[in-house]
There are 2 protein chains.
Amino acid sequence: MDIKTALLAFSALSQEGRLEVFRLLVKAGPDGLAAGLIAERAGRAPNTLSAQLNLLQQAGLIESRREGRSIIYSACFDKVSDLIVYLMEDCCAGEPCVASSVQAAAERALCCAPSSSVTS
Amino acid sequence: MDIKTALLAFSALSQEGRLEVFRLLVKAGPDGLAAGLIAERAGRAPNTLSAQLNLLQQAGLIESRREGRSIIYSACFDKVSDLIVYLMEDCCAGEPCVASSVQAAAERALCCAPSSSVTS
DNA sequence: TCCATATTTCCATGATCGTTGAAATATTGA
DNA sequence: TCAATATTTCAACGATCATGGAAATATGGA
């Protein structure tokens, strides 16, 4: 991940409404949510939400697919991984204290997860 | 880390100038850099830089101390750790694919680092 | 083809942000 | 105390951003 991409991602996550939408989509998992449903749950106008979804998508953090009349948005977990790794490697190169606490958190997350879904 | 704090951190890192300054301070390590030196290296006016440093500090990503006539800024590595862990745990809860790739990166970072500086 | 549904695009407005010149503050040394 | 250095604060400006109303686009069903 280059600095331009990271900047886009941070920018997309730096606004309350967008971060909220992103977390909603993360919780929804790979199946995602229809744009209308997101607007309803977030309590915002559909066009406002459309702009927010657009920005998150441009940043590569979410993706969309059409299903009938609805457009389903879902989180791009690999891009979030990239962002995390960028923060750790590029921003914090040579600082083991960061790496070690992150490693501990990753292990906590993995030990209570189904091993089948680990795709490295 | 709560969502408000994360939002501040993302916001602080979402602008090219500030991200650049932050990376400069990360590379400088715990010793940090004087404000004037940062301005010189970043090629920006001292007062512009002061505003950027201020924002990064409010977000908790950097800290300052006075040394004589200079004010030395340095990165808060523990806060970056917090942000990374927040992204992984709170934003990506239940997604082992994120945790496993992050764990791999953390291990790479740790294996080539002096073990003495690991403070978990 | 026509209508209803789902979402986006266009446009305008108010709000926030980034930058800079000028003035103010803090520290050091004489 | 005075002058020099280092940095910040203040005020103002131009630029960018977020939002929502209205119109446009795309799909599905009759």
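Every chain is numbered from 1 and lettered A, B, ... according to where its sequence line falls, protein lines coming before strand lines.
When each of A:Arg69 and B:Arg69 is assigned the nucleotide of DNA chain D with its nearest heavy atom, B:Arg69 is the one assigned upstream, toward the 5' end.
A pairwise comparison of heavy atoms in B:Arg18 and B:Leu56 identifies O-CD1, 3.7 Å as the closest pair. The shortest heavy-atom contact between A:Leu61 and A:Ala9 is CD1-O, 4.0 Å. Shortest non-hydrogen contact noted between B:Ser81 and A:Val98 is OG-CA, 3.3 Å. Taking both residues in full, the closest heavy atoms of B:Gln57 and B:Tyr73 are given as OE1-CE2, 3.9 Å, listed atom of the first, atom of the second, then distance.
Each of A:Leu8 and A:Leu13 belongs to its own hydrophobic cluster when Ile, Leu, Val, Met, Phe, Trp and Tyr are linked at side-chain heavy-atom distances under 4.5 angstrom. A single hydrophobic cluster is not seen to contain both B:Leu55 and A:Phe10; linkage of ILVMFWY side chains at heavy-atom distances under 4.5 Å, directly or through other members, places them apart. The hydrophobic cluster containing A:Leu7 also contains A:Met88, counting ILVMFWY residues as joined when their side-chain heavy atoms lie under 4.5 angstrom apart, directly or transitively.
In summary, the side chains of A:Ser50 and A:Asn47 do not present any donor paired with an acceptor at a separation below 3.5 Å, with no hydrogens or angles considered. The closest side-chain donor-acceptor pair between A:Asp2 and A:Thr5 falls under 3.5 angstrom.
The span of DNA chain C lying next to chain B, judged by atoms under 4.0 Å from heavy atoms, is bounded 5' to 3' by C:dG18 to C:dT28.
Sorted by residue number, the members of residues 4-25 of chain A with any non-hydrogen atom under 4.0 Å from DNA chain D read A:Gln15, A:Arg18. Near DNA chain D, meaning a heavy atom under 4.0 Å from it, residues 46-66 of chain B has B:Pro46, B:Asn47, B:Ser50, B:Asn54 in order of number. Using a 4.0 Å cut-off on heavy atoms, the residues of residues 34-44 of chain B that approach DNA chain D are B:Ala34, B:Ala35, B:Gly36, listed by number.
Screening residues 31-43 of chain A for salt bridge (charged side-chain N to carboxylate O under 4.0 Å, His left out) gives no qualifying pairs among residues at least two apart or on separate chains. Residue pairs that meet the salt bridge (charged side-chain N to carboxylate O under 4.0 Å, His left out) test with at least one member in residues 49-76 of chain A, sequence neighbours left out, are A:Arg65-A:Glu67.
A heavy-atom distance below 4.5 Å is found between the side chains of B:Arg44 and B:Glu20.
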